[in-house]
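Just below is one structure, and these are the notes that go with it.
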Amino acid sequence: IIDIGAYEYKEGTDPIQASSLVFSSVQTTQMTIGWTNGDGTKRAVFVKEGSGAITNPLDNTTYTASANWASKGTQLGSSEYYCVYNGNSNSVILTGLSINTQYTIQVFEYNGTVGSEKYYTVTASDNPKSQTTLPNSPTITGISPTSGPTTGGTTVIITGTYLTAATPVKFGSANAASYTVNSATQITAISPAGSAGAVDITVTTAGGTSATSSSDQFTYVAAPTVTTQAISSIAATTATGNGNITSLGSPNPTAYGVCWNTGGTPTTSDSKVDNGAALATGAFTASMTSLNANTTYYVKAYATNTAGTSYGSEVSFTTLPVAPTVTTQAVSSIAATTATGNGNITSLGAPNPTQYGVVWSTSTNPTVALTTKTAQGAIAATGAFTSSITGLSANTTYYVKAYATNSAGTSYGDEVSLTTLAPPTITSFTPSTGSVGTLVTITGTNLSNPTAFTMGGVTAIAVSNDGTTLVGMVMPGAT
């Protein structure tokens with residue numbers, strides 16, 4: 001055995017260095033450093049901010065320790081390693097550190113008294129070793145929006161501090177469906193599915209998990225459910241929509257009713273009835289107005305709350321047709337067997353008429369069930385029209401109506417009457433003989449405006465007539 005001062009070792013045997021550095025209670029500005037002691041009587045612990053090679057301690061040198069990094073102990077040469085502990089224990093609590101900063105630690109065993117220290121300068125397992133202090137704990141100062149449907153899928157902007165390297169982001173106990181760390185102060189997260197009610201959004205980083213507060217509360221809202229029933233009370237321009245709110249959702253609906261259009265798949269952007277807030281489940285009705293006649297509509301019941309708008313299934317209906325309107329004017333061009341009927345279609349109704357004209361009879365109130373009518377086909381515009389009335393009997397009274405027909409039925413104008421002309425009669429004429437150019441005066445009845453006038457088998461010229469007297473000229477060829 002060789003004795004060198006106060007240091008004693010057995011020749012041929014290496015000293016045992018401190019080993020197995022461990023770190024516990026690591027926080028933002030402090031940590032506890034522990035180790036397994038070697039076979040020295042004491043040990044000195046040196047720490048550097050960052051990393052880098054260490055200078056071995058000098059024998060016969062006492063290093064003053066400070067466990068508060070803000071008031072560092074003795075520096076080991078110019079290595080920027082400072083003594084934080086010098087004693088015979090196996091741990092030290094190091095304080096005053098910088099946030100989220102790496103520190104390198106090495107422990108040196110030694111023997112000897114003050115001023116005559118003999119240091120072990122060999123390395124050992126996990127000596128030296130590095131540890132990084134924690135970053136600041138994340139905080140959440142606000143979220144937008146603050147609510148979304150229970151089905152999930154809401155894009156939520158989370159604002160706060162120290163959000164970098166977040167893992168995970170949670171809505172209550174459930175992980176976000178996905179998230180993106182935009183910066184140290186913002187995260188974009190997609191809400192997972194959840195149950196109706198409020199949950200806290202939390203962000204976890206190496207610095208810990210954000211504390212919960214009213215600023216991070218996200219409320220899951222459940223959409224209402226609604227069904228659509230068949231439309232009732234269908235008229236030409238009105239109908240009654242029918243629905244049933246089977247679940248109010250959460251919160252209660254702020255609007256409900258029916259919506260409709262003519263193209264299918266209606267939404268609340270189309271025509272709608274809003275019955276206001278709903279406080280209870282159950283069937284409801286909605287009055288649909290300002291519809292077009294003879295038109296097919298597609299309808300859905302709906303209910304809206306902050307979770308969105310829910311729709312019932314689609315139903316369809318067709319409004320009733322509207323009959324046209326028509327007026328009858330006085331009959332014109334009345335002759336013995338013909339006349340001209342006059343009418344005016346003042347409204348086409350819906351759909352457009354497929355037939356129109358006039359109908360007549362010797363009895364009052366004629367209808368299109370008679371064969372004595374004109375049929376002028378479909379019409380697409382309002383306005384006056386004429387119809388040729390034929391096959392009449394002379395000197396007979398007829399009753400006439402204009403009409404127009406569509407799928408709603410046949411509409412008639414007021415009834416007017418006419419009396420056809422009687423045939424002319426001749427009671428006498430003078431002279432009874434004469435040559436070409438002779439004027440013959442004929443007396444009788446119904447002699448006005450003759451449509452045919454012959455004397456001696458040859459068409460004669462009517463010079464004058466007043467209904468009872470007709471003066472005509474004998475033309476060449478008359479016999």
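A donor-acceptor contact closer than 3.5 angstrom links the side chains of Thr325 and Thr346.
Between the OG1 atom in Thr295 and the CG atom in Leu320 there is a gap of 11.0 Å [rounded to 0.5 Å]. The OG1 atom of Thr265 sits 10.5 Å away from atom OH of Tyr311, with the distance rounded to the nearest 0.5 Å.
The closest side-chain heavy-atom distance from Ser271 to Asn261 is not below 4.5 Å. A heavy-atom distance below 4.5 Å is not found between the side chains of Thr225 and Ser310. Looking at Ser71 and Tyr82, their side chains never come closer than 4.5 Å, going by heavy atoms from C-beta outward. Side-chain contact between Asp270 and Tyr298: absent, with no pair of heavy atoms (C-beta onward) separated by less than 4.5 Å. Between Asn446 and Leu421 there is no side-chain heavy-atom pair separated by less than 4.5 Å. With a 4.5 Å cut-off on side-chain heavy atoms, Ser287 and Thr238 do not count as touching. Phe23 is not listed as a side-chain neighbour of Thr133, based on a closest heavy-atom distance of 4.5 Å or more. You'll find the side chain of Val203 stays beyond 4.5 Å of the side chain of Tyr162, heavy atoms only.
Here the side chain of Tyr302 pairs no donor or acceptor atom with the backbone of Ala255 at under 3.5 angstrom.
Sequence neighbours left out, the pairs with a member in residues 185-206 that pass side chain to side chain donor-acceptor pair (under 3.5 Å) are Asn182-Gln186, Asn182-Thr188, Ser183-Thr185, Thr204-Thr209. Within the structure, the ring-ring contact (aromatic ring centres under 6.0 Å, His included) test picks out no pair touching residues 441-474 (sequence neighbours left out). Applying the side chain to side chain donor-acceptor pair (under 3.5 Å) test to pairs two or more places apart or on separate chains, those with a residue in residues 458-470 are Asp466-Thr468. Residue pairs meeting the side chain to side chain donor-acceptor pair (under 3.5 Å) criterion with at least one partner in residues 412-440, sequence neighbours excluded, are Thr397-Thr419, Thr425-Thr445, Thr427-Thr443, Ser428-Thr443.
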Apply the test side-chain contact (heavy atoms from CB on, under 4.5 Å) to residues Val299 and Met288: give CA-CA distance (whole Å), side-chain angles for both, the deciding distance (0.1 Å), then the verdict.
CA-CA 10 Å; Val299 184; Met288 304 167 61; 3.7 Å; yes
Before giving the answer on side-chain contact (heavy atoms from CB on, under 4.5 Å), spell out for Ile201 and Val169 the whole-Å C-alpha distance, their side-chain angles and the decisive distance to 0.1 Å.
CA-CA 7 Å; Ile201 295 177; Val169 175; 4.2 Å; yes
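Crowding of Phe385 atom CZ: a count of heavy atoms from other residues, nucleotides or ligands under 6.0 Å exceeding 12. Shown here is Ile157, whose CD1 atom has more than 12 heavy atoms of other residues, nucleotides or ligands within 6.0 Å.
Contacts of Thr161 classified as side chain to side chain donor-acceptor pair (under 3.5 Å), with partners at least two apart in sequence or in another chain: Thr139. Taking the side chain to side chain donor-acceptor pair (under 3.5 Å) definition, one finds that Lys300 meets it with nothing, sequence neighbours left out.
What you find for Cys259 and Thr268 is that their closest heavy atoms are SG-N, 4.1 Å.
Classification of the Tyr103-Trp69 ring pair by plane angle, with boundaries at 30° and 60°, yields perpendicular.
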